[in-house]
Enquirer: 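My structure is below; once you've seen it, I'll send some questions.
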Amino acid sequence: MPERILVCVGWPYANYLLHVGQAAGAYLPADIFARFQRLKGNEVLMVSGSDCHGTPITVAADKEGVDPRVIVDRYHPRILEVWERFGISFDLFTTTLTPNHYAVTQDVFLKLLENDFLYPKMAEYLYDPEAERFLPDRYVEGTCPHCGYTEARGDQCDNCGRTLDAVELVNPRSKISGATPVLRPSEHFFLRLSALESRLKEWVSEKRHWRKNVLNFTLGMLNEGLKDRGITRDIKWGVPVPVEGYEDKCIYVWFDAVIGYLSASKEWAQIRGTPDAWKPFWEDSSTRSYYFVGKDNIPFHTVVWPAMLMGYGGLNLPYDVPANQYVNFSAGQKQSKSKGTGTWMLDLLDAYAPDVVRFYLTTVLPETTDTEFREEELIRANNDVLIATWGNLSNRVISMVHRNFEGVVPESGPLAPESQALLDEAMTAFDSVGAEFDACHFRAALQEALRLAQSANKYLDERAPWKAVKQDKDHAAETLAVALDVINALKVLLHPVLPFSTVQLHGDLGLPDDVVSQGWGFQPVPRGTVLAPVQPLYTKIDVTSEGAGA
RNA sequence: GGCAGGGUAGCUCAGCUGGUCAGAGCGCACGACUCAUAAUCGUGAGGUCGGGAGUUCAAGUCUCCCCCCUGCUACCA
């Protein structure tokens, strides 16, 4: 019975290039998961898009004296390029600038308003009289009232680490213009999170399968008590508030960004020519929806978005939010998009084959703790694990079939116990590896799959077909045929992580159709199949040269 | 400051509800093999599980205190 799986991935901000941390934190795990589910024969919808609103984009645009759209148009195509080259298999990767997204966002807004989960409230906010805009706390600098640090930000002092309120700062100044901010009254809509607190608690308490950090963090937030949250801003770049008298205000970026999952699903359905196709993914309660995000985004996906969905009514809440920790870069330096440090995905993909990057990143996915990206480790993983254990396995077997059996998969007679044992192991692997993938334990899944490759290597060493072929050709035939069957199993087991090279292997094995249509399960290579000439799946990387991948 | 996660072999990381939990892979040393991208297979060395105190017959595993890293702390998203 096929299941329906909705894979939602955090929306990248459209004013930076994508770095390794984002790829490993959200997009790669989401893609591995989606590919696995498709192999299982499940119906998968995987959506995301560029988050195009928000203060940083308008600030960047102002700095260059251009429309924010120019910034978006510069980065969105680069993001798409990463998906293409890295093999992130979105069903739709859109933006928050589409008319559809605006319409869906406003619909959610109005429905929440109608259901009394939104209400307007007057308050005072910091205003930059020179730049003529209201300032988020982060855009105010000044002297810390506690330690006297002169570069303190409005939300926190980087020197003494205290949390601040922007109005506490001594000598406050706007980060944008340098002007002294003033307080100005403004009326904004607030999301009545407080009213949904108990329902959220009840809902979260059932989520035993959530990761420890996600569950505890969310429970902690709920137990502290939820405060209503302002969801509109005095800005012109964003989705307009669809209420009379509020024409000069926009819906705040995080509110519209999470709605993107829904609007993208609807857009996907429209593009496909089946406008209602989104509904089963959102309205059928048997659908499992997953949200792949970084740990900094947990509250938006385990509290705010669920609250919005509850307030809206009739739509599925997240089934799981397998949030990841961070991938750090070199000596504990964070992969920060704002600081401009880190390894950009496009640079990395210029240097290395996508599957090599995917393989290495999968071994260091920050599933439970922050991890570290190191280029020399990537090279080592390629040479000493990917090629040594897996690439070389298929290479040595295919080579021997060419040398001794004219490249045709030989017949295997009655199987020796060790041959049957290896095949049994391959069949079992679909359960064990599959269970890990399904539980979003991608590192463990990869490790488990590689164990089968090691067993196959051991099997070859014990049966020594290169020796057997001289006295007992049937013995060698059996060994190679069985080894090919296991390689074919590994091709499927590894496909979610290594989509490019396993597709190549599928063709090299002379098999029809594609890997996905073969499905998640053991399939022997038909005897008599003609193999393609030997063609290495991966290329060794010279340690001394800077990235020479194929 | 508060909340959450993490601190385990040279490196990257597993270790759920306390008793083969002191592990895996890589690296390193030695041996075997030579089909294969000097790949593979076997053997071995390596850690008082961040520090201290406690509970227990028994603690990386529970409790308390301390140190370090990361995130959040509601106007970055």
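Letters go in sequence order (proteins before strands), and every chain restarts at 1.
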Enquirer: A:Tyr75: what forms a side chain to side chain donor-acceptor pair (under 3.5 Å) with it, not counting sequence neighbours?
Expert: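 Here no residue qualifies.
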Enquirer: Can you list the residues that meet the side chain to side chain donor-acceptor pair (under 3.5 Å) rule with A:Arg229, with sequence neighbours excluded?
Expert: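 Counting only residues at least two positions away or on another chain, A:Arg229 forms no side chain to side chain donor-acceptor pair (under 3.5 Å).
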Enquirer: Considering residues at least two apart in sequence or located in another chain, which fulfil the ring pair (Phe, Tyr, Trp, His ring centres under 6.0 Å) criterion with A:Phe359?
Expert: none
Enquirer: Check side-chain contact (heavy atoms from CB on, under 4.5 Å) between A:Ala483 and all other residues, then give those that pass, not counting sequence neighbours.
Expert: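 Here the qualifying residues are A:Val397, A:Leu460.
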Enquirer: Starting at the 5' end of RNA chain B, which residue's closest nucleotide do you reach first, A:Val364 or A:Pro465?
Expert: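 By nearest-heavy-atom nucleotide position, the 5'-most residue is A:Val364.
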Enquirer: Which pairs, with at least one residue in residues 213-222 of chain A and sequence neighbours excluded, count as a side-chain hydrogen bond (donor to acceptor under 3.5 Å, both in side chains)?
Expert: A:Thr218-A:Thr302
Enquirer: Report all interatomic pairs (protein N or O, nucleotide N or O of nucleotides 28-32 of chain B) with separations under 3.5 Å.
Expert:
none

Enquirer: List the protein contact pattern of nucleotides 21-27 of chain B with one symbol per nucleotide (5' to 3'): B for base contact, S for sugar-phosphate-only contact, - for none; contact means a heavy-atom distance under 4.0 Å.
Expert: ---SSSS
Enquirer: Closest to the A:Glu224 side chain: B:C3, B:C76, B:C35?
Expert: B:C3
Enquirer: Could you please name the partner base of B:C35, counting Watson-Crick and G-U wobble pairs only when both distances are under 3.5 Å?
Expert: none
Enquirer: Any N/O pairs under 3.5 Å between the protein and nucleotides 5-9 of chain B? List them or say none.
Expert:
unit_1 : atom_1 : unit_2   : atom_2 : d
B:G5   : OP1    : A:Asn216 : ND2    : 2.5
B:G5   : O2'    : A:Thr368 : O      : 3.3
B:G6   : OP1    : A:Lys212 : NZ     : 3.1
B:G6   : O2'    : A:Thr369 : OG1    : 2.9

Enquirer: Test the A:Lys473-A:Phe405 pair against the cation-pi criterion, namely NZ or CZ under 6.0 angstrom from the six-membered ring centroid and within 45° of the ring axis.
Expert: yes
Enquirer: Tell me what A:Asn457 touches on the nucleic acid: a base, only sugar-phosphate, or nothing, going by heavy atoms under 4.0 Å.
Expert: sugar-phosphate
Enquirer: Base, sugar-phosphate, or nothing for A:Glu124, non-hydrogen atoms under 4.0 angstrom?
Expert: base
Enquirer: Sequence neighbours left out, what passes side chain to side chain donor-acceptor pair (under 3.5 Å) with A:Asp485? Give chain and number order.
Expert: A:Arg527
Enquirer: Who does B:C21 pair with, Watson-Crick or G-U, both distances under 3.5 Å?
Expert: none
Enquirer: In chain order, what residues pass the side chain to side chain donor-acceptor pair (under 3.5 Å) check against A:Asn297, with sequence neighbours excluded?
Expert: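 In terms of side chain to side chain donor-acceptor pair (under 3.5 Å), with neighbours along the sequence ignored, A:Asn297 is linked to no residue.
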Enquirer: Quick one: list whatever passes ring pair (Phe, Tyr, Trp, His ring centres under 6.0 Å) with A:His188, sequence neighbours left out.
Expert: A:Tyr125
Enquirer: My understanding is that only residues two or more places apart in sequence, or in another chain, count here; which of them pass side-chain contact (heavy atoms from CB on, under 4.5 Å) with A:Ala468?
Expert: A:His475, A:Ala476
